[in-house]
Amino acid sequence: MASVLLVDDRRDNLVALEAILEPLGHELVSVTSGEDALRELLHREVTVILLDVQMPGLDGFETAALIKRRTRTRDVPIIFVTAISKQREHVFRGYSAGAVDYLFKPFDPDVLRSKVSAFVDLQHKTEELRRQQAELRERQLDEVRRAEQQRYRELAEAMPQIVWVSDPEGKATYYNQRWFDYTGLEPATAGDADWRFVVHPDDLQKALKVRKRTLASGEEFEVEYRFRSATGEYRWHLDRAVAMRDEHGAIDHWVGTATDIHDQKRSAVVLRFLLDASSLLGSTLDYRETLRSLARLAVPSMADWCAIEIVEEDGTVSEVEVAHSDPNKVALARELRDRYAPFHGPGPAVIESGEPQLIPDITDEMLVRVAQDELHLELLRDLRFRSYLCVPMLIRGRVLGAITLVQAESEQMYAVEDLALAQDLAGRAAVAIENARLHRQAQEQAQAARVLESIGDGVVLVDDDGLVRLWNPAAQAITGLRDADVVGRRLADVAPGWPEAGEGRSSTLPLELDGRELWLSVSGVRFTDGTVYAFRDLTDERRLEAMRQDLVATVSHELRTPLAAIYGAAMTLQRPDIEFEEDVKARLLEIVVDESNRLADIVNDLLLASQLDAGTLQPAIEATDAASLAQSVLDAARTHAPAEVELELEAPTPVPQVAADPGQLRQVLANLVDNAVKYSPQGGRIAVQLEQSGDRLRIAVNDPGVGIPAGEQQRIFEKFYRLDPDMTQGIGGTGLGLYICSELVRRVSGRIWVESQEGEGSTFFVELPLARKRAEVHAA
Ligand code: ADP
């Protein structure tokens, strides 16, 4: 039904209009102002408006202009009703304000009725037309939409990504073929929430949360999660969905894509891991600790399990670390391995062969094959090993160990790229181990070098060609051969007679080195590139040992002779059957006394020598008259000396005093005179000569006796040294006399030496510093 809005400020006009239009049967709405008309139009559909021009407040033109400004009322025909404004400009203003017609008062009811009818008709027709056009457009749009949708589907099917569509509530209404290919799900049985079953359990909560939020807000959905593939492997995907809205802005559906970003994501993780691993491997020289940290670092970004084994320097293989994020699992794995030896994992085999192993997919049959019994199989299955790789730690063709990476519960599978990565990592680890070991070796070598420098034993290193490679400072000191003269030469040439290396045994032997005879104790040990010898100088020990043996021999011999004489005399005197005459008795007693003195002398000499050795005998130096001392020594000697010996003092008077210990000087002179007598068995003239020589006094004891061979003249001053019995013609002695003399003389800054020709007598010289004169002493 049409409705006609009547607008006039005068009630009577409105009543008239209503009466005229009544018969048309339209709805008539009357208002008395422009404002009321506008208000009415807000909530009412109007077909035609009859508008009075002259009104207080908004007049007709102003009201029309406002009606035209509104979209909803713009096309409603307006007929102005006016009595006065017949002027031309007035009419124009009405048309420009949107009027379609004018009615002038007083109006003909028929004209009014027919005009309103015509406009209502026109208005109805226009609306009908508009409706038909809208319908047509809708149909065409539908067609276009269907075609578009078809195109989208085709596009979606062709895309390499997974594409899906869901309703506004998020229920899936479409998946492209790629989805079914990847997941292995069947299009026929596809459900609207299938995705929940293939998302990795660890990622599901996060996905659900984002989904809930975006479904409510309509903002873009974006989340990364892992989808399980038909083979059971989880791969990272980036899922993105946008809301498609209808013309009213409401969400009509969601279009989503899931892109496989597994490899990118992995390379980011791998890169991060490699960076961390590299800095770790370079950080310390404690390579065991480093490898342990490396294993722990690999879990879980690179593996669920990481085991590292190394080849020790003795060639055995030992496990450095087994890492898993769950310590209970590590314990289980260890127990399993210990209980089910020799099931070790691939490490030892890879170390043995140097070849990497990659098993992308550990099948149940494989577990069955390695399992040793039902329980073992069950435990192995519990560990859910999925995929593994094992790479050798290689450096310059040598295998230093192996790294094993295992995927289990994360359901990841290793591929050839992972193998390459692991090999790279293992290579870096090998370099780190090698560096640490070389560093330690270098340190040990430096230490060894320092030890060799300071060690007291001589050390020689001889290579396989017999050439000397090392000659340490002690070797130089012992042999007197400088390393520059030895290193690089053959040891056999440098030291002829050098012993062969015997295992751990040392041999003691004399060697002629550089014209000197040395007694060396040498032990040699062979090593891969040659032999190391250690040696020490036993020359002194050897000499002492020889002397000790001499001492025992001579002393016991020397003691036995007087003892035998004393014993013999005493036994004789004791005999009751013989009545001795007085002079015989006296002779026997004299033997006892003399031989006892001799014994006492020997014991004295021994005592003196040991005091000299111990350094407990200090001289009491004073101005001493050597001449009178010599005289008294000679006088004493004369009492024992055989008759064929003459003893004389030759001294220009007066002789200056010497700085010496008088008691010790007497001992020296007595020894020399005794020797002179002893070693002149043919008798003859023995002279003690005193003579000043510069600031010294020289005492010479000259005998015509057996003499001393030139080669022995040095050595007779050594402790216990005696010429052999042939040369001394069986004359007894301890070999201590001259040693004592030389030690006593040396202690008072004197000198002692001998000049002799074998068979033509000897002269022993003692030179002593003169005592300072009293005046000098005062002056000093
Ligand atoms: P001893 O005389 O007790 O053997 P000494 O030390 O006094 O010991 O002398 C060492 C050696 O020197 C003697 O054994 C002897 O061979 C030699 N000797 C010492 N004095 C003489 C000498 N005047 N004439 C020849 N040989 C001597």
Side-chain angles (χ1 to χ4, degrees), residues 543-544 546-562 594-595 597-613 630 633-634 637 640-642 644-648 664-689 699-746 751-766:
R543 205 171 284 156
L544 272 178
M547 277 184 213
R548 198 184 59 77
Q549 287 169 1
D550 288 355
L551 169 75
V552 173
T554 50
V555 167
S556 51
H557 178 260
E558 282 308 298
L559 291 177
R560 197 178 298 133
T561 320
D594 282 353
E595 293 304 320
N597 280 336
R598 217 170 120 191
L599 272 180
D601 284 348
I602 293 170
V603 172
N604 269 341
D605 275 359
L606 282 171
L607 200 67
L608 202 56
S610 81
Q611 281 175 333
L612 284 169
D613 284 350
V633 165
L634 285 172
H640 310 288
E644 28 331 331
V645 169
E646 275 177 60
L647 291 157
E648 277 174 37
Q664 294 181 0
L665 182 55
R666 169 188 288 277
Q667 170 104 32
V668 170
L669 295 179
N671 271 356
L672 293 179
V673 171
D674 275 356
N675 278 353
V677 175
K678 217 163 58 168
Y679 296 106
S680 302
Q682 313 297 327
R685 184 172 179 274
I686 292 166
V688 177
Q689 298 153 338
I699 307 169
V701 179
N702 174 264
D703 71 64
V706 294
I708 303 154
E712 305 285 344
Q713 288 176 9
Q714 273 297 310
R715 303 202 62 188
I716 53 174
F717 293 100
E718 289 175 13
K719 194 156 63 164
F720 297 123
Y721 192 83
R722 306 197 70 228
L723 261 57
D724 67 57
D726 287 349
M727 289 191 200
T728 56
Q729 302 178 2
I731 301 160
T734 57
L736 283 172
L738 286 180
Y739 168 72
I740 291 169
C741 289
S742 78
E743 285 297 305
L744 291 178
V745 168
R746 193 172 59 77
R751 210 154 74 80
I752 184 167
W753 73 98
V754 66
E755 286 175 7
S756 174
Q757 288 265 325
E758 203 177 347
E760 292 176 22
S762 322
T763 307
F764 284 81
F765 294 93
V766 174

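As a basis for the values below, the full set of heavy atoms in this structure was taken, side chains included, without hydrogen atoms, waters or symmetry mates. Order of appearance sets the numbers: ligands from 1, and atoms from 1 within every ligand. This one's a predicted model, so the numbers in the text were calculated from it and none came from an experiment.
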Any residue meeting salt bridge (Lys or Arg N to Asp or Glu O under 4.0 Å) with Glu646, in chain and number order, not counting sequence neighbours: none
Could you tell me if the side chain of Leu738 sits less than 4.5 Å from the side chain of Asn671, heavy atoms only? no
Atom indices of ligand 1, in the order listed, that fall short of 4.0 Å to a heavy atom of Val706: 25 (C)
Report yes if some heavy atom in the side chain of Ile716 is under 4.5 Å from a heavy atom in the side chain of Phe764; otherwise report no. yes
Under 3.5 Å between any N/O of Leu738 and any N/O of ligand 1: does that happen in this structure? yes
Can you tell which part of Asp703 has a heavy atom less than 4.0 Å from ligand 1: side chain, backbone, both or neither? side chain
Gly737 to ligand 1: N or O pair under 3.5 Å? yes
Whether Glu712 and Arg715 form a salt bridge (side-chain N of Lys/Arg under 4.0 Å from carboxylate O of Asp/Glu) is what I want to check. no
So which bit of Ile708 gets within less than 4.0 Å of ligand 1, heavy atoms only: side chain, backbone, both or neither? side chain
Judging by distance only, is a nitrogen or oxygen of Tyr739 under 3.5 angstrom from one on ligand 1? no
So do the side chains of Ile686 and Pro704 get within less than 4.5 Å of each other, counting heavy atoms only? yes
Which option wins on minimum heavy-atom distance to atom 8 (O) of ligand 1: Gly705, Gly735, Cys741, Gly761? Gly735
Among the heavy atoms of Gly707, does any lie under 4.0 Å from an atom of ligand 1? yes
Where do Gln667 and Leu744 come nearest, in terms of heavy atoms and distance? CG-CD1, 4.0 Å
Of all heavy-atom pairs between Thr763 and Asn702, which one has the smallest distance, and what is that distance? OG1-ND2, 2.7 Å
Close side-chain approach of Leu672 and Val688, heavy atoms under 4.5 Å: no
Lys678 heavy atoms within 4.0 Å reach ligand 1 at atoms 1 (P), 2 (O), 3 (O)
Under 4.0 angstrom from ligand 1, any heavy atom of Glu712? no
Please state which part of Phe717 comes within less than 4.0 Å of ligand 1, counting heavy atoms only: side chain, backbone, both or neither. neither
